[in-house]
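Throughout, protein chains are lettered first and strands after them, A, B, ... in sequence-line order, and every chain is numbered starting at 1.
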Number of protein chains: 2
Amino acid sequence: MLDHSFHSPLPPTRLTTKQQAVLTQLERLQEAVSAQRLYAELRQHGESLGLATVYRSLDLLKLKGLVQSRTTTDGEALYSPIQQDQHYLTCLQCGSSVPLDFCPLQAMENQLRRSQAFTIYYHTLEFFGVCEPCTHQAQ
Amino acid sequence: MLDHSFHSPLPPTRLTTKQQAVLTQLERLQEAVSAQRLYAELRQHGESLGLATVYRSLDLLKLKGLVQSRTTTDGEALYSPIQQDQHYLTCLQCGSSVPLDFCPLQAMENQLRRSQAFTIYYHTLEFFGVCEPCTHQAQ
DNA sequence: TAAGATAATGATAATCATTCCCATTTTAGC
DNA sequence: GCTAAAATGGGAATGATTATCATTATCTTA
Ligand SMILES: [Mn+2]
Ligand SMILES: [Mn+2]
Ligand SMILES: [Zn+2]
Ligand SMILES: [Zn+2]
């Protein structure tokens, strides 16, 4: 994984309690989760905070280079700690996502990083098509 | 560009007039556009069809391997003919997207195609970070 | 070609993730 | 402690997308 700390556009102010709670819960979970689910989990863990704060915290954490997100086919954003360099094969028919066990961009990102006047935090990469089961079923 | 015709999961039935109109309008435009905008354009061009049909046609065209989509940071899907192998650098602060002039995956997709029991139609690849202007402005 | 079956369409309502608003609370600088 | 700025919560508003269902076009087959 790459070090993102050097190009953070926001001053390295300390996270608030709520913001830290959001980040910690996100790190606790293994998979990428929606803001809604994160909110539910936090409440269950006794944390007292509003849904708007979860969204605000996630946005801020993204700008700090600590969190990344991708969007599912039904328009829901899934968040994860930026360490996870994880990609998927997503079926256009049933919507299921199969995780890839490698990132085809590992080497290339650095090259791109140097060639553009743009500070890169993370990338999303996703392959779309039809999964094995969907290929065999009619319609 | 790759040939996708051989693995279409839907029978190669002829497109309806409306479906063809959606595809044609999409090919006419140079950039990726939202379903809403496509609907507006079609109406302006005298085409008579409903918004729901635009969404339905786009879904079907994706399953036929003729259309692809990516999702913007504010949750809107942008559609384009599948020929366009185009990627972006997207700013987390201002949301602007700078197009890349190459695809870092050209060679790799074929390899992946062979290694997985999954029929790949297209991929999305996007780099997120902060653009030059946003880096220099406070907050 | 006509009748019935099937698929497509349009208008509108419903969904639902996300954002907006604003009053209240917390934090930071002094 | 005092004051200004930032953060927060809850509920309303937004807006893209989807669901519903009655109507219309297309296909099948006698
Ligand atoms: Mn990667
Ligand atoms: Mn590409
Ligand atoms: Zn599938
Ligand atoms: Zn920017």
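- Between A:D74 and B:V54, it is B:V54 whose nearest contact on DNA chain C lies nearer the 5' terminus.
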(message) One pair to check against side chain to side chain contact (heavy atoms under 4.5 Å, CB included): A:Y55 and A:D59. What are the steps and the verdict?
(response) CA-CA 6 Å; A:Y55 277 103; A:D59 278 348; 5.5 Å; no

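- One interatomic measurement links the two molecules: CD of B:Q20 to C1' of C:dA8, which rounds to 16 Å at whole-angstrom precision.
- The CG atom of A:L78 sits 12 Å away from the C1' atom of C:dA17 (whole-angstrom rounding).
- One interatomic measurement links the two molecules: CZ of B:R56 to P of D:dT17, which rounds to 15 Å at whole-angstrom precision.
- Taking the ring centre of B:Y88 as origin, the terminal cationic atom of B:R70 falls inside the region bounded by 6.0 Å and 45° from the ring axis.
- Between C:dG10 and B:K18, a contact under 4.0 Å exists linking OP1 or OP2 to a side-chain N or O.
- Of the candidate nucleotides D:dG10, D:dA16, C:dA17, D:dA16 has the atom nearest to the side chain of B:E76.
- In this entry the distance linking CG of B:L42 with P of C:dT9 reads 12 Å, nearest Å.
- Look at A:Y55 and you'll find a side-chain N or O under 4.0 angstrom from OP1 or OP2 of C:dT18.
- For the pair A:L60 CG and C:dT19 P, the computed distance is 14 Å after rounding to whole Å.
- Heavy-atom nearest nucleotides on DNA chain C were determined for B:Y39 and for A:T17, and the one closer to the 5' end corresponds to B:Y39.
- In this structure, A:H123 and B:F127 have perpendicular ring planes: the angle between them is above 60°, well past the 30° mark.
- Rounded to an integer number of Å, the gap from CG of A:L63 to P of D:dA6 is 16 Å.
- The distance from atom CG of A:L58 to atom C1' of D:dT8 is 15 Å, rounded to the nearest whole Å.
- Distance from the side chain of A:Q19 is smallest for D:dA7 among the nucleotides D:dA7, D:dT17, C:dA17.
- In this model, the phosphate group of D:dA6 is not approached by any side-chain N or O of A:T16 to a distance below 4.0 Å at OP1 or OP2.
- If you find the closest nucleotide of DNA chain D to A:T53 and to B:L51, the one lying nearer the 5' end belongs to A:T53.
- With A:R113 contributing its side chain and A:T119 its backbone, the two residues share no donor-acceptor pair below 3.5 Å.
- The neighbour count for A:E27 CD, taken as heavy atoms of other residues, nucleotides or ligands under 6.0 Å away, is above 12.
- For the pair B:L49 CG and C:dA11 C1', the interatomic distance rounds to 13 Å; values are reported in whole Å.
- Contact annotation for A:S34: no contact, since no heavy-atom pair falls under 4.0 Å across all strands.
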